[in-house]
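Order of the sequence lines sets the chain letters (A, B, ...), proteins ahead of strands, with each chain counted from 1.
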Amino acid sequence: MVLKRFTKMETKSVNDLVFGQAANPVEYGFDVKLGVGEVIPNIKVAPAEGSETSVEGMVATCKNIAFSACDRAAAIGLPTLQIEQEHVAQQTKSAEISAKTTAVQVEQLEELHDKYGTKASLMSTIADIREEDMGGLRGSDFDVKMDESFEACAENGASILCVETIGGKVVSDYGIARGDIRAILYGIGVLGSIDMGYMWPKIVDIASKYDYCVPGGDTDCAQANTAMFLGGGLTSKNVSHTLAAITRAIAGARSLVAIECGATGPTKDCGYENPIVKAIGGVPICAEGKNATCAHSDLMGNLAAAVVDCWSNESVYNREEMGGPTTGVWLQSLGYECALMNTATKMGEEETLRDMYTLADKYRDPQALVIAYDNAYRIGESIVADGEDIYLRSRAAALEACDIINEAVDAKKMYLTRFERDTLDSAQKTIEQLPEEQDKFVKTCIKRYGRKVKEHDPSQYEL
Amino acid sequence: MVLKRFTKMETKSVNDLVFGQAANPVEYGFDVKLGVGEVIPNIKVAPAEGSETSVEGMVATCKNIAFSACDRAAAIGLPTLQIEQEHVAQQTKSAEISAKTTAVQVEQLEELHDKYGTKASLMSTIADIREEDMGGLRGSDFDVKMDESFEACAENGASILCVETIGGKVVSDYGIARGDIRAILYGIGVLGSIDMGYMWPKIVDIASKYDYCVPGGDTDCAQANTAMFLGGGLTSKNVSHTLAAITRAIAGARSLVAIECGATGPTKDCGYENPIVKAIGGVPICAEGKNATCAHSDLMGNLAAAVVDCWSNESVYNREEMGGPTTGVWLQSLGYECALMNTATKMGEEETLRDMYTLADKYRDPQALVIAYDNAYRIGESIVADGEDIYLRSRAAALEACDIINEAVDAKKMYLTRFERDTLDSAQKTIEQLPEEQDKFVKTCIKRYGRKVKEHDPSQYEL
Amino acid sequence: MSESPLKKYDEAVFADNGYDDIAIRYNVKIEGPALKPEDDPEVAEILPQEEGVKRDLALTVLYGDKEECDAQVQAALDAGEDPIDLINNALMKGMDGVSALYTKGEFFLPDLMLAGDAMMSGVALCEEKLGHKSDTKAPVMTFAVEGDPHDIGKNLIVMFLNANGYDAVDLGRDVPTAEVVKQAQENEPVLMTATALMTTTMTEFAKIAAALQEAGIDTPIGCGGGAVRRDFVEESPQTFYGVEAYHVPKLADAIVDDGKTWEDIRNEYSDIVGEYVAAYS
Amino acid sequence: MSESPLKKYDEAVFADNGYDDIAIRYNVKIEGPALKPEDDPEVAEILPQEEGVKRDLALTVLYGDKEECDAQVQAALDAGEDPIDLINNALMKGMDGVSALYTKGEFFLPDLMLAGDAMMSGVALCEEKLGHKSDTKAPVMTFAVEGDPHDIGKNLIVMFLNANGYDAVDLGRDVPTAEVVKQAQENEPVLMTATALMTTTMTEFAKIAAALQEAGIDTPIGCGGGAVRRDFVEESPQTFYGVEAYHVPKLADAIVDDGKTWEDIRNEYSDIVGEYVAAYS
Ligand SMILES: [Zn+2]
Ligand SMILES: [Zn+2]
Ligand SMILES: [Zn+2]
């Protein structure tokens, strides 16, 4: 399949990048419309431990989650409810479980829609159960099982199909732990993009068969989020936050591939690179931040909301709080944040709120800085300038991120530790010295990482 | 003690009512200043079950909470951290436990302050362990124990002393369950106010002995929040939300008494009547809303932030989430919300954000409507107009709330169910027919509720 | 006062779809047409059909009018009506109607409380005439645990029990464990409910269960309240987690009519109370 | 592109106290003066004092320079240096310096990883010369549980073990329980670590513990990873909850040197790892 690469920006101006609005809106589920103004909550709850051991267990836990979500949505007057079912491996491996867990949640959402008129939808995120060194990425049993799971979900009423593909992870993991930007660029920009080009046409085909269903998007969870999570807080001492910032910019070039294959958004919540994808592709995005602290800590809890269309809590244990089931607790926090955004939009002050969200974090950390919507737009422009070549555009994104950080440092807005400063300088120097041709770069990388990363198998990427 | 009743508004204009700013700022703890612009997070975690059985258990759980809070504050770059220690009964009953749990948390906060320069403080909320029918409100063993606990906390470094007094609860509980507005007015407006007038001069005296410590404030948790919690969500079928709204207005007249006794704020988080108190008394307030869903569900998650100075999560179990200890998880959500407000203030857009917060909930429910800051200011004005008389001002607040709701209904902005409509009409009619003199009202109430509420003992209020 | 700063946004906020773009008052949105309570088809089935003293009496309960109820009961008794007949076929029928409307969402807590007050007062008058207590289904004991001064949840339980023909033995609030054991020995309840608001008072549940076991009393204990969670409750034997006050009579029925044990209740809670309960699935 | 819409707020946001009113980069704020790693007083104590091949070698590890390290080791061996002496008094000393700097917050993960790569490569050359494996403190087994393809946390553990003189027996990721038992029988580790990312893979811990018990193997199992909680882990015997990857060597030391059991570790975790650990207090 020859992809239509983006070579210009779908979002015409940086100021058009704002929550709730997208150049290319999308409709799905029970009357949900994204990109035309409203921001909606996306609640996600992890199946309780032990529930994975039987079909009935999985169905019961999924029903429980959907019931509690619908109950709270009605209790507090939410205009729209989206549930995300992020598969555990056991779900994806069984078409029966995929079908039944989807059906039971869709049923609850339909009841809510019928009784109250609430707009409602279900995002089904299939687990990427493939392994590069065990079975392989293409045509393996697990690859086939994933196709079957996508089909089962769509057939049973899923509104959106998503996935977090893992192509290139074995190499980027190596690079992230060692601060090796070349490995990161190869793992994410090249290998990740190639693997998405294999997976996404299949997903788009399946979704297109059902009028209530759309192909959502992908996230670089397996790679850029590994850098972010290991990067941790300001006082952590693992991965450099400037390196994590560059990694995020590269992820923008990668996650765009889903859209190039026909995905329409909403993309996946944990893709902190989504502002770049939205800037280029004009699709509505999911995002998570200050109301996803149940799942992880980031340094951009407000900024992540600046251009969101679907606001998520990422994940939480399914159990009871004093304030009720965690499903209701976190949905309510999300729903109220959406209400704030939707109020700003009605007031005609959405740009003001967007700018508040952004400035609340822009200089908290370099990782926040590079995905601040104005900088995300800049990175987007650097990507489309080299849009036809997945390697060159990833490299351009990385260099643009370096420039953005350096400019902020020069303007005395951003301050770096020595570690952050050193790793930024060294990464920038390395990138600048990389070859101008994809072939040459790939050849060097295969030689270098074929040896250092024993799980890496270039043939899985047709390299 | 003769109290200086408020007969005019400390907050000069309704537009001066905004988060982070107060007519009468206050300083306490390690360099914390409230009311001069910055909104700060207030994290509160319930001691783990079982920890209450020993001094060591209580100290360990309190240390754990403070450690996790300080750790997260540093990790995400919060300029200020406030911890609230809301006592369980066992803490207040033992001066030793009060002292040691306070000291261990203050020690953590001081370390944070020394190492990072973080501004830091501890709010100590003593449990009201008195019971009207068993031992009594005044001079009982439990009353004395409370005094000792306040003293122990202040002596060991507490920055703020607070309490949720329960005067009048036995009568208001009766009234709330039966929709009897007269009992509510008597229980909150008269009995609650009288009891606060007994308790608060003692607390103010203790705090005044320590330069780092201030007397914060009281909340009508025991009464107005009972109405709110029983009122529940839109689909609940217990207490009427219009009645709960009137109850809240009355609570404003009551909770003001702490300020009249010398409390300086910040007041207690769960006092949803605080906007009224701030409008009249000009003191900084705590509040809770969309980031307190761990503890309870309200219908004003954003609106509650509109005029806040200290943003709280109310309470959460002390346990682990995927994102770390609940202390860190909820502190981060709070801290990020504060960052949003502080950013708006720096941008000069604090009024815009305040109005977004307010409009996001103003017409979600009548309870939200009456404490929207513009209406809270109106209710404040009605209170100070009768400021000298605790009964008349409570009645005025109740009637103003009725007017506010009716006006919004007439303007087709607020919609009511038949139940809400009927209970509003009947309450309004009842209130309008009440006597003009406090003595006469009290006499009728003693006669009526002395019989119906067996726990009620008017002598506890010097009636 | 000066004009509200919010006024300038009114036009924008109420434009187009209006406030529904922000929040929807679903309670208003789904409200059906107004109906007199006695005209509700289900209630019409429950109430005495025949015009007369028993129907009138049921209606005073339905409307929660204690004074009128007292007056009518007294008049009926004076006119020689059978007190047992009045209780079972007038007062309790009115209460059944109230429960039906509450379940449907047509009636609310104050309706229930005032009807309960009227019904209980009428029953008391009848019992005075009888010279002894009337029959109840069984005794059920209620209390808030030691250290817990909050009792509004427990008071709701008492009201639901009385309304459903149980003898609610209410020990009050802040009740020491020894007192619970003593009262359980005296009253032999079929079920007891323990309520707690705080994490540090719910630990009493385990102590109560242990004390009862030691005394050889195996009555199921329904535990609930503010900070209480199912997983915590189920760490003790003999207990189960109670979710809503109005579930209690149905749980008592399951024990009395079907011999359900506390283990059965843990396993079949949703079925017993007849609705989907998230904490039990 | 057009100018950033945020530009207009720059002046306001950076006025007065600047961005510190919103967020403070504490990592920058508390940073001490720059120091060459070998000049850190603690590291200076650890490194060979005397100028010469061993100090140079330790420095190549300290700087994570694998190629230079390989070259120097080879040259030293060719010059007749004792391989055991090189391992213990040069390569491991460099690594000890790295660990010290990491603990202080002066060194970071990549420093550790690159130093570890250099050290391990140097050790391999020495062992080649020796003709056999060098001594380690003890074998420790590591794996990600069945169904879990995530292994970066486990890889960190492996690195920390090697850096501290343990023989890390790495079973990889997605490891079936039967394989765990088999490898435990063969390798007789003093400790094993099981990692899991999801709520639905952490349930493997219980299965592994049961299978090991059945096989009569009572090696402590440190369980950790993404969604893992202490309370869940402790539902199985023989396990404890592991909080940070860098804790593992200290836990292994406690087992090897002080004979600590899994129960001891549950009770003394904070003491053993030498820091306040919130999950254990
Ligand atoms: Zn993810
Ligand atoms: Zn409260
Ligand atoms: Zn409270």
Side-chain angles (χ1 to χ4, degrees), chain B residues 20 36-40 45 48 51 56-57 59-80 104 108 111-112 114-119 317-328 335-336 338-350, chain D residues 4-32 104-105 150 153 195-202 223-235 241-244 267-271 275-281:
Chain B
V36 294
E38 186 185 358
V39 179
I40 69 170
V45 179
S51 64
E56 298 70 40
V59 172
T61 198
C62 287
K63 179 174 178 184
N64 179 297
I65 292 163
F67 175 88
S68 300
C70 294
D71 190 54
R72 188 64 63 105
I76 61 173
L78 299 183
T80 309
V104 75
Q108 297 286 321
E111 266 179 41
L112 177 76
D114 289 349
K115 179 164 182 191
Y116 296 105
T118 313
K119 294 165 277 179
Y317 293 123
N318 186 12
R319 55 184 180 178
E320 291 285 312
E321 295 284 355
M322 299 179 205
T326 47
T327 305
Y336 280 171
C338 293
L340 181 67
M341 294 188 242
N342 295 333
T343 303
T345 297
K346 285 221 95 159
M347 289 164 64
E349 292 283 1
E350 67 275 22
Chain D
S4 166
L6 294 167
K7 193 126 193 159
K8 63 175 172 291
Y9 296 115
D10 267 0
E11 206 172 317
V13 168
F14 290 96
D16 303 327
N17 202 24
Y19 204 74
D20 279 6
D21 287 337
I22 295 170
I24 302 174
R25 300 212 81 220
Y26 288 123
N27 49 352
V28 177
K29 190 174 174 188
I30 65 164
E31 204 170 37
K104 286 187 168 185
H150 304 86
T195 45
L197 193 77
M198 329 259 279
T199 52
T200 51
T201 51
M202 70 182 185
C223 303
V228 179
R229 307 183 303 266
R230 183 180 168 197
D231 65 344
F232 180 78
V233 169
E234 296 192 350
E235 285 174 18
Y241 173 51
V243 182
E244 298 283 351
N267 290 325
E268 307 166 26
Y269 193 100
S270 280
D271 285 342
E275 63 183 80
Y276 185 84
V277 179
Y280 276 96
S281 47

Roughly how far, to the nearest 0.5 Å, is the [atom2] atom of [Y] from the [atom1] atom of [X]?
X      : Y      : atom1 : atom2 : answer
B:N342 : B:E350 : CG    : CD    : 10.5 Å
B:C62  : B:Q108 : SG    : CD    : 11.0 Å
B:F67  : B:R72  : CZ    : CZ    : 11.5 Å
B:N318 : B:S68  : CG    : OG    : 7.0 Å
B:K346 : D:Y9   : NZ    : OH    : 15.0 Å

Contact part of [X] toward chain D, heavy-atom cut-off under 4.5 Å: side chain, backbone, both or neither?
X      : answer
B:T118 : both
B:E321 : neither
B:A73  : backbone
B:T343 : both

Which one of [options] has the most heavy-atom pairs closer than 4.5 Å to chain B?
options                      : answer
D:E11, D:K8, D:R229, D:K29   : D:K29
D:A23, D:A279, D:S281        : D:S281
D:N27, D:V277, D:I24, D:D231 : D:I24

My understanding is that only one of B:T61, B:N64, B:I65 makes a side-chain contact (heavy atoms from CB on, under 4.5 Å) with B:V45; could you say which?
B:I65

Checking B:I76 against B:Y336 for the side-chain contact (heavy atoms from CB on, under 4.5 Å) test, could you report, in this order, the C-alpha distance in whole Å, the side-chain angles of both residues, the deciding distance, and whether it holds?
CA-CA 9 Å; B:I76 61 173; B:Y336 280 171; 3.9 Å; yes

Engaged part of D:D20 at the chain B interface, taking heavy atoms whose separation is under 4.5 Å
backbone

Please classify the contact between D:I30 and chain B as side chain, backbone, both or neither, with a heavy-atom cut-off of under 4.5 Å.
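Looking at D:I30, just its side chain touches chain B.
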
Start with the C-alpha gap between D:Y241 and D:V228, add the side-chain angles, then the distance that decides, and say whether side-chain contact (heavy atoms from CB on, under 4.5 Å) holds.
CA-CA 8 Å; D:Y241 173 51; D:V228 179; 3.9 Å; yes

Residue selection (most heavy-atom pairs with chain D, distance under 4.5 Å) from [options]:
options                      : answer
B:G323, B:G348, B:A74, B:A60 : B:A74
B:M347, B:R319, B:E38        : B:M347
B:A75, B:G335, B:P325, B:G77 : B:G77

